[in-house]
Amino acid sequence: LLAGETPPAAARAQQPEAGIPFWASAEGLAIDPNRPGYTTAGDQTRGSPDAKVIVVEYSDFQCPYCKQHEEQTQPALDNQFVDTGLVRWVFKHYPLSIHPQAPAAAVAAECAAGQGKFWEMHDLLFARQKDWTGLPEAEFRSALEGYARELGLDVAAFARALDEGTYRAKVQASYDQAIGMGISATPTYFVNGQYYDGPRVPWAMEALAVYFNYHGLQYDAPADMHLDAGGSYIATVETTAARAEPNRRMTAPAASPAAR
């Protein structure tokens, strides 16, 4: 990867091996107080620092399944959970060996991050994936600089970071971590440091959000109920037979409390 070649093939595994590396620990997932938008492990993150659910996504900018997730699932997750403070999202690079331009795309995203525009470049790379995939090296480089210009970055500084390999080691480290965990595909997710292989849809995330935000019963007993003697109420009468035949239930106005 550092030499500009495609990474070696990832080791196949049913799921990541047991054990929690630093980046997946509570300490590693915490937001770096000196670098907002980064975890203390150095990964890009967005969402509330108080979120009880932290999702780590291993992704590849040239992967069509990652693009599908970003376009079809992520917007709903952001709207319902990330933007509302229930979930915090962490991004890690895993450029697969079958995607030869993925390593350079990952480095380009980090070069943009150096100017505070990681997520903007992240979104643009996925949105334009079909445009840059398969381009000759010179045209691909030109496309990346064009994206930097489109995002309002200092293109000269962006190009210099690409040439000097300022962020190659970071991408390599993320890749090596994925290999060490036995991850074999993208996108791959961890929820609160644990490998997650469940449904990747909003309702599943909602269940996780509810679970991790549950603090037990918030009261010891229901509040007292008081009826207004002059009020009018609706009562539902259910007989034993009606329990077996719901359609036999009858609802009718109830008498005022004073008439009972």
Side-chain angles (χ1 to χ4, degrees), residues 1-2 6-31 37-47 51 53-75 77-78 81-82 87-110 112-113 118-119 121-123 125-126 129 133 167-201 204-205 208:
L1 175 60
L2 295 182
T6 57
R12 308 297 288 183
Q14 292 299 316
Q15 66 179 47
E17 298 177 1
I20 300 179
F22 177 70
W23 62 261
S25 68
E27 182 182 357
L29 289 171
I31 293 179
Y38 288 85
T39 66
T40 57
D43 297 311
Q44 300 287 339
T45 186
R46 55 192 176 85
V53 180
I54 303 176
V55 178
V56 176
E57 174 191 10
Y58 265 103
S59 188
D60 174 333
F61 286 112
Q62 201 174 354
C63 169
Y65 298 105
C66 296
K67 173 181 171 65
Q68 180 179 350
H69 167 83
E70 291 300 327
E71 294 181 346
Q72 298 183 15
T73 305
Q74 193 65 48
L77 297 180
D78 287 343
F81 308 108
V82 179
V87 174
R88 180 155 58 86
W89 207 267
V90 178
F91 185 93
K92 291 185 71 66
H93 300 285
Y94 187 30
L96 299 175
S97 59
I98 58 174
H99 300 141
Q101 291 166 300
V107 170
E110 290 299 331
F118 173 82
W119 294 107
M121 181 63 83
H122 163 282
D123 294 347
L125 286 168
F126 278 122
Q129 186 187 88
T133 294
Y167 299 98
R168 288 179 186 170
K170 178 178 181 178
V171 174
Q172 180 72 59
S174 183
Y175 174 84
D176 290 343
Q177 290 164 359
I179 289 294
M181 293 289 290
I183 298 173
S184 60
T186 54
T188 289
Y189 304 95
F190 290 79
V191 176
N192 287 7
Q194 300 297 314
Y195 175 70
Y196 176 74
D197 194 29
R200 303 169 184 180
V201 291
M205 189 60 61
L208 290 169

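Along the sequence shown, the residues carry numbers beginning at 1. Quick caveat, the model's predicted, so the values are computed rather than measured.
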Quiz prompt | side chain to side chain contact (heavy atoms under 4.5 Å, CB included) evaluation trace for Y175 with K170 | solution = CA-CA 9 Å; Y175 174 84; K170 178 178 181 178; over 6 Å; no
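- Contact annotation: the side chain of T188 approaches that of Y195 to within less than 4.5 Å [non-hydrogen atoms, C-beta and beyond].
- Taking 4.5 Å as the limit, some side-chain heavy atom of E110 sits within range of a side-chain heavy atom of Q44.
- Annotation: side chain of V90 is in contact with side chain of T39 (closest heavy-atom distance under 4.5 Å).
- Between the SG atom in C63 and the CD atom in Q129 there is a gap of 7.5 Å [rounded to 0.5 Å].
- Here the NE2-SG distance, from H122 to C66, works out to 9.0 Å after rounding to the nearest 0.5 Å.
- Atom-to-atom distance recorded for S174:OG and Y58:OH is 4.5 Å, nearest 0.5 angstrom.
- Partners of A106 by side-chain contact (heavy atoms from CB on, under 4.5 Å), not counting sequence neighbours, listed by chain and number: F61, H93, V171.
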Self-check item: Derivation and outcome, side chain to side chain contact (heavy atoms under 4.5 Å, CB included), residues I183 and Y94
Solution: CA-CA 9 Å; I183 298 173; Y94 187 30; 3.7 Å; yes
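- Between the side chain of E57 and the main chain of P187, no donor-acceptor pair closer than 3.5 Å is present.
- At a threshold of 4.5 Å between non-hydrogen side-chain atoms, the residues V53 and V191 count as touching.
- Residues satisfying the side-chain hydrogen bond (donor to acceptor under 3.5 Å, both in side chains) criterion with H69, sequence neighbours excluded, are Q74, Y189.
- By the ring-ring contact (aromatic ring centres under 6.0 Å, His included) test, Y167 is found to be paired with no residue, residues two or more places apart in sequence or in another chain being considered.
- Summarising the local packing, CZ of F22 is surrounded by more than 12 heavy atoms from other residues, nucleotides or ligands at distances under 6.0 Å.
- For T45 (side chain) and G37 (main-chain N/O), no donor-acceptor pair under 3.5 Å exists by modelled atom type.
- Taking every heavy atom of both residues into account, A51 and R88 meet most closely at CB-N, 3.6 Å.
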Practice problem: With side chain to side chain contact (heavy atoms under 4.5 Å, CB included) as the test, would you mind laying out the steps for W89 and I54 before giving the verdict? | Solution: CA-CA 6 Å; W89 207 267; I54 303 176; over 6 Å; no
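- Looking only at distances, no side-chain donor or acceptor of K92 sits under 3.5 Å from a matching main-chain atom of Q177.
- Residue S59 holds its OG atom at 14.0 Å from OH of Y65, rounded to the nearest 0.5 Å.
- No side-chain donor-acceptor contact under 3.5 Å links D60 to the backbone of T186.
- The two residues A109 and L125 have their closest heavy-atom pair at CB-CD1, 4.2 Å.
- In this structure, the side chain of T40 does not engage the main chain of I31 through any donor-acceptor pair within 3.5 Å.
- Looking at D176 and Q172, their side chains come closer than 4.5 Å, going by heavy atoms from C-beta outward.
- Ring to ring, W119 and F126 are not that close: their centroids are 6.0 angstrom or more apart.
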Exercise. Would you please test F118 and F91 for side chain to side chain contact (heavy atoms under 4.5 Å, CB included) and show each step?
Key: CA-CA 10 Å; F118 173 82; F91 185 93; 3.5 Å; yes
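- Rounding to the nearest 0.5 Å places CD of Q62 at 12.0 Å from NZ of K67.
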